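Inspection log for the structure reproduced underneath, given as C-alpha cells.
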Amino acid sequence: MQILRAARLGMCFGVRDAIALALEQADAGPLTILGDLVHNPTVLSALAAKGIAVAHDVADVKTPTLMVTAHGTSERTLARTRALGLTVVEATCPLVHVAHRAVAALARDGYHVVVVGQRDHVEVRGLTGDLDRFDVVLDDEDVLALEEHPRFGVAAQTTQAVEKVRRLVDLIRRRFPQSEVRFVDTVCKPTKDRQSAAVELARQADVVIVVGGRSSNNTRELVKTCARYCAHVHQVQTDADVRPEWFEAAPVVGLTAGTSTPDDVIDRVEARIRQCVLVAQ
Ligand code: SF4
C-alpha cells in the first residue's frame with residue numbers, strides 16, 4: 001500500500017499568520033476573537049486553552065481588545081466596534097482584503113454585486129456588509145432566482161472552487177444576455193493550488209482522505225472535487241475518525257487537507273492510516 005500526499009495541502013499562510021497573531025496578542029493581555037478564528041476544532045481548543053475568548057457579536061465582548069479573524073469583516077462592523085471603545089486587531093488575510101477591494105470597486109462602478117459563496121459564512125457577510133443591495137449565489141437555483149440588472153459585477157468567496165464559480169458566471173451570462181457581466185476572480189491562490197493538487201491526487205488514488213473541520217468551506221470543496229475523480233472519499237477531523245475498513249483492497253491512499261488544518265493533525269492522520277492498513281491486511 002502506498003500513501004500519496006497532495007503536492008499542496010493543509011494550512012495556508014493567512015491562517016498561520018492569524019493564529020500567530022492571536023497567540024502573540026493573548027500574551028499581551030485579555031483577548032476576544034470575533035467568531036471562530038479558523039474552522040478547525042483542534043486549533044480552536046488550543047486557543048481556548050490560552051484563555052482566548054470568542055464572541056459572535058461585538059456587543060458580547062468583555063475584553064478591551066477584539067481580534068477580527070482571517071475571514072475579515074465589513075467597515076460597518078469595524079466602525080461599530082471602535083464606537084464601543086474596543087481596540088481592534090485585524091488578522092484579515094491580505095487575499096480577503098483583495099476580495100473586499102474588488103467588491104467595493106464593482107459597487108462604486110455601478111455594478112449590481114453578486115458574490116458566489118455561502119450566504120451565512122463570516123467571510124461573505126464581511127464582503128457584503130458595506131453594501132445596501134447585493135445577491136449571494138451558491139448554485140444554479142440561486143442564479144435562476146436572480147432579478148435582472150443592466151450590469152452584474154461578480155466576485156467569489158476566496159475558498160470556493162474556481163471551476164464552480166466560472167460555471168455560475170457563465171450561467172448568469174446566459175440567463176441575462178442583455179446585461180453586462182463583469183467577473184473578478186477573487187478565489188485565493190492557496191485554495192486554487194490545493195484544489196488542483198487534489199484533482200491530481202484523486203485521479204491516482206483508490207481512497208482519498210481529506211483532513212479538515214466539518215464547518216470548513218475549503219475542506220468541503222476539496223471533498224467535492226476529489227469525489228469527482230475517486231469513488232471513495234472520506235472527510236476526517238482528526239486521526240480518531242479514520243476507519244480501518246476504508247483501506248481494504250486500496251493499494252493507493254491519497255491524503256489532502258484544508259487550509260485550516262495544522263501539520264501535526266495531518267501527520268497523526270497519516271500515522272493512523274498506516275496502522276489501519278496493517279489491521280486491514
Ligand atoms: S484560504 Fe486563502 S483567503 Fe483564506 S486565509 Fe487562507 S490564503 Fe487567505
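The structure presented is a predicted model; accordingly, all values stated were derived computationally and were not measured. As the structure lists them, so they are numbered: ligands from 1, and atoms in each ligand from 1.
Of the options K192, K164, R228, a salt bridge (Lys or Arg N to Asp or Glu O under 4.0 Å) to E221 is made by K164 and by none of the others.
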Distance-only criterion, 3.5 Å: show the donor-acceptor pairs between side-chain atoms of residues 26-35 and protein atoms not counting sequence neighbours.
{"residue": "D27", "atom": "OD1", "partner": "K50", "partner atom": "NZ", "Å": "2.7"}
{"residue": "T32", "atom": "OG1", "partner": "T63", "partner atom": "OG1", "Å": "2.7"}

Stepwise side chain to side chain donor-acceptor pair (under 3.5 Å) check, N217 with T159: CA-CA 7 Å; N217 184 63; T159 52; 3.0 Å; yes
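Within the structure, the ring pair (Phe, Tyr, Trp, His ring centres under 6.0 Å) test picks out no pair touching residues 248-269 (sequence neighbours left out).
Take R5 and apply the salt bridge (charged side-chain N to carboxylate O under 4.0 Å, His left out) test, not counting sequence neighbours, and it matches D267, E270.
Heavy-atom contacts of T159 reach the following atoms of ligand 1: 1 (S) (cutoff under 4.0 Å).
Looking only at distances, a side-chain donor or acceptor of R173 sits under 3.5 Å from a matching main-chain atom of V181.
The number of protein N, O or S atoms lying under 2.8 Å from atom 8 (Fe) of ligand 1 is 1.
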